[in-house]
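FYI, the numbering just counts along the sequence from 1.
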Amino acid sequence: HAADTEDVLMRPPGIHCGYLPRLRQRHRGHRSHVALEQRSRRDRASASLAFLPPAGDSDHGKSCEESSFNQFSLLGFTVLLTNVQSINSNVKRALLSAHLERYTPDILALNETWLDSSVQKLDFVGYSLVSRRDRPNSKVGKLNHGGIAVFCRTGGVLVTHLEDSNIAERSWHIVHTDLGGVLFGVWYRPPASSHNHIETFDAELERLSDGMVGTLVVGDVNIWHKRWLKHSPADTLEGERLHTICKEHALTQLVSEPTRGPNLLDVALSSLNGAASASVVPAIADHKGVFVRVDLPAPKLHVIERTV
């Protein structure tokens, strides 16, 4: 089928183009064949980052103790994902504050916040709330599960909240880089969730990733797939479906170690083609955290305080 092809050269001033995507191809036009459409998804997701080099000394696969988190490339940004199982606990807040001081992530992504409407303010020293999605129908005074939240570090990268999923516990954001926007998703999928939680992920990703230079999704998805998620005890239909969706969107799963007991449940899905890597960090609750590095040039916010 005929298609228009637009070639866009992206080279920020002062940055060697060998470290950047040189060519982004956007194909327009009708594609009626399903296989061609799936291949087009993969092309769109990976074409803009095809010329990025390997992540280099990214310490991929190493634990926190083996990596130097404060000495990575100044051009990139970092994300810390952790399942806290109630941020209302003073003990959990203290542990999380210690994690933030130790790893200083640019973006903090929380799963299982267990919040309700009685908690109006939620913040940590040096961090600002970007988005918060409590579990629907949470009741004040009751034990509420689920919930997600995203924070960004003061003086870190700029993060904009796009929307929350109507069905799943999932939120979408843009991380602003010198190359363009990176679509950033945070997802908590409870065990035994309906199949719609996965199908809407496919639809949301297809709609929101258009025009982005890449995608990064982190979260506790409670999925088993023995070949894809190496530490799974079995294969499930949900795992196979999510794996298929990730292949269609050129998303690579970066986490290589178990995150809860012997199982790998907390994932980092990336289409950033070698520019992203992940390491497992110590647990706050019963899940280990995931620390993601993204080596794309991103402007840092400079905060000026004034006394009035």
Before you tell me yes or no, could you show the steps for Val267 and Val218 under side chain to side chain contact (heavy atoms under 4.5 Å, CB included), namely the whole-Å CA-CA distance, both residues' side-chain angles and the distance that decides it to 0.1 Å? CA-CA 6 Å; Val267 301; Val218 298; over 6 Å; no
Determine, step by step, whether Arg241 and Glu199 satisfy the salt bridge (Lys or Arg N to Asp or Glu O under 4.0 Å) criterion, reporting the C-alpha distance in whole Å, the side-chain angles of both residues, the deciding distance to 0.1 Å, and the verdict. CA-CA 9 Å; Arg241 178 58 183 142; Glu199 294 305 324; 2.8 Å; yes
What do the steps show when you test Glu163 against Leu208 for side chain to side chain contact (heavy atoms under 4.5 Å, CB included), and what is the final call? CA-CA 10 Å; Glu163 65 180 45; Leu208 296 173; 3.8 Å; yes
Glu204/Ser165 under side-chain hydrogen bond (donor to acceptor under 3.5 Å, both in side chains): CA gap, chis, key distance, verdict: CA-CA 8 Å; Glu204 291 164 12; Ser165 173; 2.7 Å; yes
Run the side-chain hydrogen bond (donor to acceptor under 3.5 Å, both in side chains) check on His249 and Ser271 step by step: do they pass? CA-CA 8 Å; His249 292 278; Ser271 69; over 6 Å; no
Apply side chain to side chain contact (heavy atoms under 4.5 Å, CB included) to Ile198 and Ile223, showing your working. CA-CA 10 Å; Ile198 296 176; Ile223 289 289; 4.1 Å; yes
Give the C-alpha distance, both sets of side-chain angles, the deciding distance and a yes or no for side-chain hydrogen bond (donor to acceptor under 3.5 Å, both in side chains) between Asn263 and His231. CA-CA 5 Å; Asn263 300 319; His231 302 277; over 6 Å; no
Between His145 and Glu112, is a side-chain hydrogen bond (donor to acceptor under 3.5 Å, both in side chains) present by the stated rule, with each step listed? CA-CA 6 Å; His145 296 281; Glu112 291 205 73; 4.6 Å; no
Under the side chain to side chain contact (heavy atoms under 4.5 Å, CB included) rule, what do Asp266 and Lys288 come out as? Steps first, then yes or no, please. CA-CA 8 Å; Asp266 304 83; Lys288 293 182 179 178; over 6 Å; no
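Side-chain N or O atoms of Tyr103 include none that pairs as donor or acceptor with a backbone N or O of Ala98 at under 3.5 Å. Ser193 contributes no side-chain N or O that, together with a main-chain N or O of Arg189, makes up a donor-acceptor pair within less than 3.5 Å. Between the Thr104 side chain and the Glu101 main chain, no donor and acceptor come within less than 3.5 Å of each other. Within the 3.5 Å criterion, the main-chain N or O of Thr78 finds a donor-acceptor partner in the side chain of Asp106.
Looking at residues two or more places apart in sequence or on another chain, you find no salt bridge (Lys or Arg N to Asp or Glu O under 4.0 Å) involving Asp235. Looking at residues two or more places apart in sequence or on another chain, you find a salt bridge (Lys or Arg N to Asp or Glu O under 4.0 Å) between Arg132 and Asp134. Looking at residues two or more places apart in sequence or on another chain, you find a side chain to side chain contact (heavy atoms under 4.5 Å, CB included) between Thr252 and Leu254.
Residues Leu162 and Phe184 are not in side-chain contact: their nearest non-hydrogen atoms beyond the backbone lie 4.5 Å or more apart. Within the 4.5 Å cutoff, side-chain heavy atoms of Leu108 are placed close to those of Leu96. Using a 4.5 Å cut-off on side-chain heavy atoms (C-beta onward), Leu264 and Trp224 make no contact. Side-chain atoms of Thr215 and Leu269, non-hydrogen and from C-beta on, never get closer than 4.5 Å to each other. Within the 4.5 Å cutoff, side-chain heavy atoms of Ile107 are placed close to those of Phe77. Between Ile148 and Leu110, every side-chain heavy-atom pair lies at or beyond the 4.5 Å cut-off. No side-chain heavy atom of Leu81 sits under 4.5 Å from any side-chain heavy atom of Phe291. Leu229 is not listed as a side-chain neighbour of Val255, based on a closest heavy-atom distance of 4.5 Å or more.
Leu265 and Trp114 fall into different hydrophobic clusters, defined by Ile, Leu, Val, Met, Phe, Trp and Tyr side-chain heavy atoms under 4.5 Å apart, directly or through other members. In terms of hydrophobic clustering, with Ile, Leu, Val, Met, Phe, Trp and Tyr side chains grouped at heavy-atom distances under 4.5 Å, Val91 and Val84 are assigned to a common cluster.
With no hydrogens or angles considered, a side-chain donor-acceptor pair links Ser118 and Asp116 at under 3.5 Å. With no hydrogens or angles considered, a side-chain donor-acceptor pair links Ser131 and His173 at under 3.5 Å. A donor atom on one side chain and an acceptor atom on the other are not found under 3.5 Å apart for Glu238 and His195.
Under the side-chain hydrogen bond (donor to acceptor under 3.5 Å, both in side chains) rule, Asn83 has a single partner from Asp220, Asp286, Asn111, which is Asp220. When the options Arg135, Arg170, Arg133 are evaluated for a side chain to side chain contact (heavy atoms under 4.5 Å, CB included) with Tyr188, the one that passes is Arg135.
Judged by the 6.0 Å and 45° rule, Arg93 forms a cation-pi pair with Phe124.
Here the shortest heavy-atom pairing between Thr236 and Gly239 reads OG1-N, 3.0 Å. The nearest pair of heavy atoms linking Val294 to Ala276 is CG2-CB, 4.2 Å. Here the shortest heavy-atom pairing between Ala283 and Ala285 reads CB-O, 3.6 Å. Nearest approach of Pro299 to His176, heavy atoms of both residues: CD-O, 3.7 Å. Minimum interatomic distance between Leu122 and Ala149 (heavy atoms only, all atoms of both residues): CD2-CB, 4.5 Å. Across all their heavy atoms, Val157 and Ala298 have their closest contact at CG1-CB, 3.7 Å.
Here the NE2 atom belonging to His197 is positioned 7.0 Å from the CD1 atom belonging to Ile167, to the nearest 0.5 angstrom. Put simply, CD on Glu248 and NE2 on His243 are 11.0 Å apart, with the number rounded to the nearest 0.5 Å. One distance of note links NZ of Lys247 with CH2 of Trp228; it measures 10.0 Å at 0.5 Å rounding. Rounding to the nearest 0.5 Å places CG of Asn90 at 11.0 Å from CG of Leu95. The NZ atom of Lys121 sits 4.5 Å away from atom CG of Asp123, with the distance rounded to the nearest 0.5 Å. Note that CZ of Arg227 is 11.0 Å distant from OG of Ser232, once rounded to the nearest 0.5 Å.
The distance between the ring centers of Trp187 and Phe201 falls below 6.0 angstrom.
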